[in-house]
Amino acid sequence: MIEQHAEVTFNDRVAADTYLMGLKSPDIAARAHPGQFVMIRVGAQADPLLRRPFSICGVRKDGGLLILYRVVGRGTRIMAGAGPGTGFDVLGPLGNGFDFPAQPGESLLVAGGMGIAPLSFLAQRTGQEVQILTGYACADQQIPFECLGLSHCAVLVATEDGTIGHHGRVTDLLQESGNHIPHGYAQVYACGPIPMLMAVADLTLRQGIACQVSLESTMACGLGACQGCAVPAAPGSDRRYYHVCQDGPVFEVGTLDWEQLQPHVP
Amino acid sequence: MIEQHAEVTFNDRVAADTYLMGLKSPDIAARAHPGQFVMIRVGAQADPLLRRPFSICGVRKDGGLLILYRVVGRGTRIMAGAGPGTGFDVLGPLGNGFDFPAQPGESLLVAGGMGIAPLSFLAQRTGQEVQILTGYACADQQIPFECLGLSHCAVLVATEDGTIGHHGRVTDLLQESGNHIPHGYAQVYACGPIPMLMAVADLTLRQGIACQVSLESTMACGLGACQGCAVPAAPGSDRRYYHVCQDGPVFEVGTLDWEQLQPHVP
Amino acid sequence: MSPDLHIQVGPLHLKNPVLTASGTFGYGREFAQLMDPNRLGGVIVKGISLKPRPGNPPPRIVETPCGMLNAIGLANVGLDAFVSEKLPWLQTLHTAVIVNIYGHTLEEYAQVAAGLKGVQEIAALEINVSCPNVARGGMSFGTDPNLSARVTEAVLKQTDKPVIVKLSPNVTDIRVIAKAVEAAGAHALSLINTLTGMVIDIETRRPVLGNETGGLSGPAIRPVALYMVHQVVQSVRIPVIGVGGIITPEDALQFLMAGARAVEVGTGNFVDPRTTLNIINGLTRFCRQKGIPTIREIIGTAQQNW
Amino acid sequence: MSPDLHIQVGPLHLKNPVLTASGTFGYGREFAQLMDPNRLGGVIVKGISLKPRPGNPPPRIVETPCGMLNAIGLANVGLDAFVSEKLPWLQTLHTAVIVNIYGHTLEEYAQVAAGLKGVQEIAALEINVSCPNVARGGMSFGTDPNLSARVTEAVLKQTDKPVIVKLSPNVTDIRVIAKAVEAAGAHALSLINTLTGMVIDIETRRPVLGNETGGLSGPAIRPVALYMVHQVVQSVRIPVIGVGGIITPEDALQFLMAGARAVEVGTGNFVDPRTTLNIINGLTRFCRQKGIPTIREIIGTAQQNW
Ligand SMILES: Cc1cc2nc3c(=O)[nH]c(=O)nc-3n(C[C@H](O)[C@H](O)[C@H](O)COP(=O)(O)OP(=O)(O)OC[C@H]3O[C@@H](n4cnc5c(N)ncnc54)[C@H](O)[C@@H]3O)c2cc1C
Ligand SMILES: Cc1cc2nc3c(=O)[nH]c(=O)nc-3n(C[C@H](O)[C@H](O)[C@H](O)COP(=O)(O)OP(=O)(O)OC[C@H]3O[C@@H](n4cnc5c(N)ncnc54)[C@H](O)[C@@H]3O)c2cc1C
Ligand SMILES: Cc1cc2nc3c(=O)[nH]c(=O)nc-3n(C[C@H](O)[C@H](O)[C@H](O)COP(=O)(O)O)c2cc1C
Ligand SMILES: Cc1cc2nc3c(=O)[nH]c(=O)nc-3n(C[C@H](O)[C@H](O)[C@H](O)COP(=O)(O)O)c2cc1C
Ligand code: FES
Ligand code: FES
């Protein structure tokens with residue numbers, strides 16, 4: 001875990017309101033594991049005050065750290081305006097990443113929107129030709145696979161408005177062959193909006209397929225110190241809440257209380 | 001009085017920590033009178049919150065508004081980082097400017113540091129070959145006259161550390177021929193730090209020479225609405241306080257209570 | 001069809017719920033070159049006292065993180081000059097004109113109210129109970145439920161207009177004051193006034209403000225204001241006007257959803273003289289996007305029992 | 001020669017005046033990879049209660065202008081787990097370890113204090129009187145001078161350590177509470193805890209926080225905290241520790257000049273985990289630049305009577 005001032009090497013618009021940023025952060029990049037995240041301080045002023053959490057979307061050999069982000073509010077708007085040479089304070093890598101897949105061909109990656117960020121890092125690191133299902137609201141939000149270094153993977157796309165790929169949700173792709181995860185997959189990795197994760201959790205729990213999800217939560221410290229990022233633990237756990245920054249952001253589906261999870265990060 | 005979004009056309013470092021900014025603000029430029037000022041909103045976030053007041057340092061035929069500023073805090077630091085194309089909300093022209101000189105050759109302009117900003121606009125507008133006395137802490141703070149369009153004027157320089165021009169204060173230049181304003185000057189215009197203005201006020205009041213000074217004060221509205229920018233009126237005035245934004249920023253020396261003026265804008 | 005922004009605040013009828021907060025909009029005219037005050041729900045003018053007051057020694061203003069402190073010291077032209085010099089222009093406006101009043105004694109409050117009696121174009125009085133109470137050693141009237149109620153009664157006796165009482169946030173339980181003032185007959189409440197604060201200049205080692213302390217306003221205090229509005233709405237039956245750090249339409253919507261029937265914009269006027277108009281436009285846009293025919297529909301919707 | 005930053009806070013000896021505020025630095029260890037806690041004047045750990053507490057339902061945090069609201073709900077591991085799991089690491093530190101404690105009844109406060117008795121490496125206790133008091137319908141102990149004093153006495157009876165009482169700002173006159181707690185025997189005061197606030201999500205039309213309200217912290221509240229510290233320093237003889245929105249060395253200097261003998265940094269730890277160290281370095285730099293041999297020289301210099 002490191003805190004360092006990192007220079008933006010590039011910051012390219014890769015889809016509607018979506019940017020891929022390269023940060024020169026060799027020390028964080030060297031330690032990064034797929035599923036881990038960083039906290040970025042978006043400016044030197046006291047407003048916006050808190051750091052913003054972002055999954056690590058990949059690392060480059062030259063020490064580059066990749067962040068894929070969508071502009072949703074003030075912090076990400078400031079980030080989108082940052083040209084090469086701008087500096088940001090970056091804290092990471094934080095949290096626990098994904099457990100890697102055991103057998104080639106057995107992992108299925110399910111990404112809703114920006115959920116592709118940690119999953120593409122995972123896909124790269126496995127080195128395997130994994131199957132990735134991605135979902136977007138519409139075609140112009142789709143991130144070109146080349147940007148993400150996913151050319152070695154099989155990627156299927158769904159859009160909610162049908163402008164590209166399957167017309168519907170990414171979870172439809174899962175359920176195509178009847179309402180279950182297609183045969184042969186022993187491990188699902190998912191990241192995306194809570195309603196999507198709920199659907200995935202439901203399927204995998206029912207079928208008894210191992211599944212790890214990466215969650216979001218508002219955060220202050222990112223270090224397990226403030227107890228701010230609580231998510232409800234499954235009934236019967238030894239604790240009432242887990243902390244996304246420390247116990248996650250990657251969780252086994254069975255450890256969470258899906259009924260109590262807030263569907264909406266304001 | 002106008003509020004408009006203005007684009008930065010240039011923003012050049014002209015001396016140590018000192019910048020000359022061009023703003024495309026034709027409507028404000030068209031109405032500007034020397035001694036008036038604008039309030040600039042330095043960012044879209046809520047911090048820094050208040051607009052910053054700056055004297056109008058000149059206008060260009062193409063609608064350009066010139067601001068000469070020194071980096072002293074957060075707002076001016078943000079301004080210094082703004083490249084061409086950046087936009088700022090600008091409110092102006094505000095306040096009352098200088099009364100113009102009657103007779104050529106009779107005006108003496110005395111500027112301490114950034115005080116040169118409104119005075120160089122005045123010098124340009126008079127069209128006369130006026131005498132300007134300028135003072136800086138040291139040589140590297142001196143602003144080249146060409147930047148300010150003052151080639152037609154006679155400019156004397158003093159620096160406190162003697163690195164260029166007279167070794168001492170700008171007020172020394174005034175007092176050279178005995179402790180009084182040189183003969184022939186019927187009107188003094190001064191802008192700069194309060195201690196300098198006090199010295200000028202003292203001399204001109206004693207000699208009975210007309211003198212107008214431009215003052216600073218922390219401001220919220222710039223419009224005469226908040227009553228925040230109070231400065232003490234001379235004993236015997238009909239009011240206890242004047243408001244820099246509305247009654248000034250230019251005042252006749254005799255109207256102010258120099259004993260009560262705060263020497264320090266924090 | 002354009003959404004309906006009209007709103008009733010007790011006996012007071014407003015064309016929309018956006019007012020300017022006292023002390024931040026002068027006597028109205030100062031802003032008239034920059035925006036049309038007639039588009040506002042109403043204009044609340046600078047606090048008026050019986051006699052003219054020069055205000056506190058400068059500096060009177062200092063910026064703070066997402067806010068500012070002011071120690072204007074209630075500088076104003078006084079009742080007589082207000083009536084002769086400021087009122088005539090205000091009377092030409094086609095929107096509610098509300099006069100904020102204050103005094104250092106009960107009698108002063110009453111006298112100011114009496115002096116404004118009968119002026120038809122004054123839509124309401126807003127009582128500032130947050131100013132220091134000379135008789136009680138500087139603690140403000142507004143921190144004492146009893147005194148707040150007595151000020152309210154004293155003003156009500158002398159006026160023919162709806163009376164809004166503006167509450168101070170510098171109290172342990174604002175609901176106690178709100179209820180006392182309601183019981184005394186106030187037609188509406190507005191909250192919050194500023195929080196007391198200080199900034200020290202580390203070079204001079206003195207408080208920056210001439211008055212040492214000042215009132216904190218601006219976005220910094222918005223969460224505190226919203227909480228107090230939400231609390232007071234639950235505790236009284238009279239309408240509540242929300243004030244404190246409102247800059248954007250979204251800010252105003254939070255207060256309306258908390259149950260405020262109108263909002264006042266203070267420090268926001270300094271940030272951008274058109275802040276109020278942006279908010280009004282934003283409220284219209286919000287209603288249109290959500291298909292809400294009238295802004296009244298959203299008021300109080302964030303209250304538990306709604 | 002390096003300026004001397006040592007400071008005495010009542011019976012408590014600190015190597016410098018910079019502490020971490022409770023709840024923002026976990027149990028200390030969370031930050032240890034990013035900065036050396038031994039450089040701090042002291043570490044104040046998360047508030048400890050008799051039993052472990054899971055805390056409030058999420059969301060627990062929301063950003064506000066120059067600040068944040070938290071409604072953690074005093075989640076903590078409880079006294080036993082603190083002693084067995086957290087304390088051993090804290091005992092290896094070479095700086096003052098201060099334990100923040102709280103309870104829902106007087107007895108709970110006393111029991112936590114008793115449970116920490118005799119642990120030599122605990123330098124002091126800080127009592128959080130700002131938590132809701134079940135017996136009095138949610139109003140906190142800290143808003144009542146009598147109850148604050150009784151909590152203080154109850155803890156003093158059960159401890160062998162200096163006791164710091166941490167005051168709530170949500171009161172009409174903080175000096176009254178400060179004096180009551182001083183009279184009850186407290187060795188020092190720290191202030192302020194958070195101001196109560198709320199944010200509403202205009203999409204869901206519900207308060208953002210699971211608990212509806214939360215505590216406002218960060219630079220937004222700094223002027224309020226500084227004012228209260230300045231006021232309390234004038235009213236009591238026991239030392240005061242300043243807390244609230246401190247991020248930079250200049251912020252810390254304001255509090256020291258107002259008369260605080262030490263400062264606590266809370267939200268600043270989230271903005272930058274090295275905030276406290278930057279402040280310590282900045283204090284050294286300031287003293288050196290001004291030729292001040294010891295930081296003690298600047299304490300209280302912004303007080304009128306200094
Ligand atoms: C572990 C983790 C990994 C993430 N990875 C990515 C990623 O790879 N790409 C990406 O685009 N986004 C990601 N997010 C979401 C991202 O943090 C938010 O979109 C971002 O914080 C919004 O900041 P803003 O200032 O633009 O929005 P605002 O709405 O202005 O932010 C206000 C506050 O709310 C918080 N906030 C808002 N939305 C979220 C959210 N969804 N999750 C957590 N906090 C939020 C902000 O951090 C800030 O404190 C991740 C979140 C978490 C917790
Ligand atoms: C009428 C007028 C004309 C001015 N003209 C110029 C000019 O032409 N060039 C120039 O460099 N400066 C000028 N100033 C001073 C300029 O306003 C300040 O330097 C600037 O506001 C500092 O902002 P900051 O954010 O960098 O400093 P900070 O110290 O971070 O500012 C904090 C707050 O204090 C206020 N403030 C700080 N210093 C001053 C000051 N000297 N006067 C008024 N408010 C201040 C800021 O506006 C802000 O509200 C003028 C001031 C006034 C009142
Ligand atoms: C410069 C200034 C002057 C003020 N004068 C008054 C006043 O005369 N009477 C009053 O009731 N409130 C006064 N206030 C308080 C505001 O009306 C408002 O309640 C407060 O600023 C909070 O709102 P805001 O955050 O939108 O500014 C003043 C505020 C400021 C900033
Ligand atoms: C996330 C969080 C948790 C906190 N928990 C506690 C606590 O357990 N006990 C306590 O006395 N104060 C607690 N506080 C209050 C802080 O210690 C501090 O008084 C307050 O945040 C103001 O300081 P700041 O502006 O520097 O954050 C907490 C604050 C935050 C932000
Ligand atoms: S963000 Fe602080 S504990 Fe997770
Ligand atoms: S700045 Fe508001 S009256 Fe001058």
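Small disclaimer: the values here were computed from a predicted structure and weren't measured. In what follows, every chain begins at residue 1, and chains take the letters A, B, ... in the order their sequences are listed.
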Run the salt-bridge test on [X] and [Y] with the 4.0 Å N-O cut-off and return the result as yes or no.
{"X": "C:Glu30", "Y": "C:Lys46", "answer": "no"}
{"X": "B:Arg51", "Y": "B:Glu3", "answer": "yes"}
{"X": "C:Glu108", "Y": "C:Lys51", "answer": "no"}

Under the side chain to side chain contact (heavy atoms under 4.5 Å, CB included) rule, collect the residues that match up with B:Asp247, sequence neighbours excluded.
B:Arg239, B:Tyr242, B:His243, B:Phe251
Which region of C:Thr267, side chain (C-beta onward) or backbone (N, CA, C, O), has a non-hydrogen atom less than 4.5 Å from a non-hydrogen atom of chain B, or is it both or neither?
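Side chain only.
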Using heavy-atom distances under 4.5 Å, tell me whether C:Pro57 contacts chain B through its side chain, its backbone, both, or neither.
both
Considering only heavy atoms, give the residues of residues 272-279 of chain C separated from chain B by less than 4.5 Å, sorted numerically, with 'none' for an empty result.
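The residues closer than 4.5 Å to chain B, in numerical order, are C:Asp272, C:Pro273, C:Arg274.
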Which atoms form the tightest heavy-atom contact between [X] and [Y], and what is the distance?
{"X": "B:Cys191", "Y": "B:Pro118", "value": "SG-CG, 3.7 Å"}
{"X": "C:Tyr102", "Y": "C:Arg53", "value": "OH-CD, 2.7 Å"}
{"X": "C:Leu283", "Y": "C:Ala252", "value": "CD2-CB, 4.4 Å"}
{"X": "C:Leu93", "Y": "C:Val97", "value": "CD1-CG2, 4.2 Å"}

Pair B:His5, B:Asp89 - check side chain to side chain donor-acceptor pair (under 3.5 Å), show working.
CA-CA 4 Å; B:His5 194 73; B:Asp89 284 346; 2.8 Å; yes
Those residues of residues 20-38 of chain B, ordered by number, that approach chain C below 4.5 Å (heavy atom to heavy atom):
none
What option among [options] has the most heavy-atom pairs under 4.5 Å with chain B?
{"options": "C:Arg29, C:Gln33, C:Glu63, C:Met68", "result": "C:Glu63"}
{"options": "C:Gly26, C:Cys66, C:Gly28", "result": "C:Cys66"}
{"options": "C:Val199, C:Ile247, C:Ile72", "result": "C:Ile72"}

Side chain / backbone / both / neither for B:Ile2 at chain C, heavy atoms under 4.5 Å:
backbone
For the pair C:Tyr27 and C:Phe82, name the ring-plane relationship: parallel under 30°, tilted 30 to 60°, perpendicular over 60°.
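Correct class here is tilted.
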Residues 76-85 of chain B side chain polar contacts: donor-acceptor under 3.5 Å, at least two apart:
unit_1, atom_1, unit_2, atom_2, d
B:Thr76, OG1, B:Val72, N, 2.9
B:Thr76, OG1, B:Gly73, N, 3.1
B:Thr76, OG1, B:Gly73, O, 3.3

Using the six-membered ring of B:Tyr241, assess whether NZ or CZ of C:Arg60 lies under 6.0 Å from its centre and within 45 degrees of the ring axis.
yes
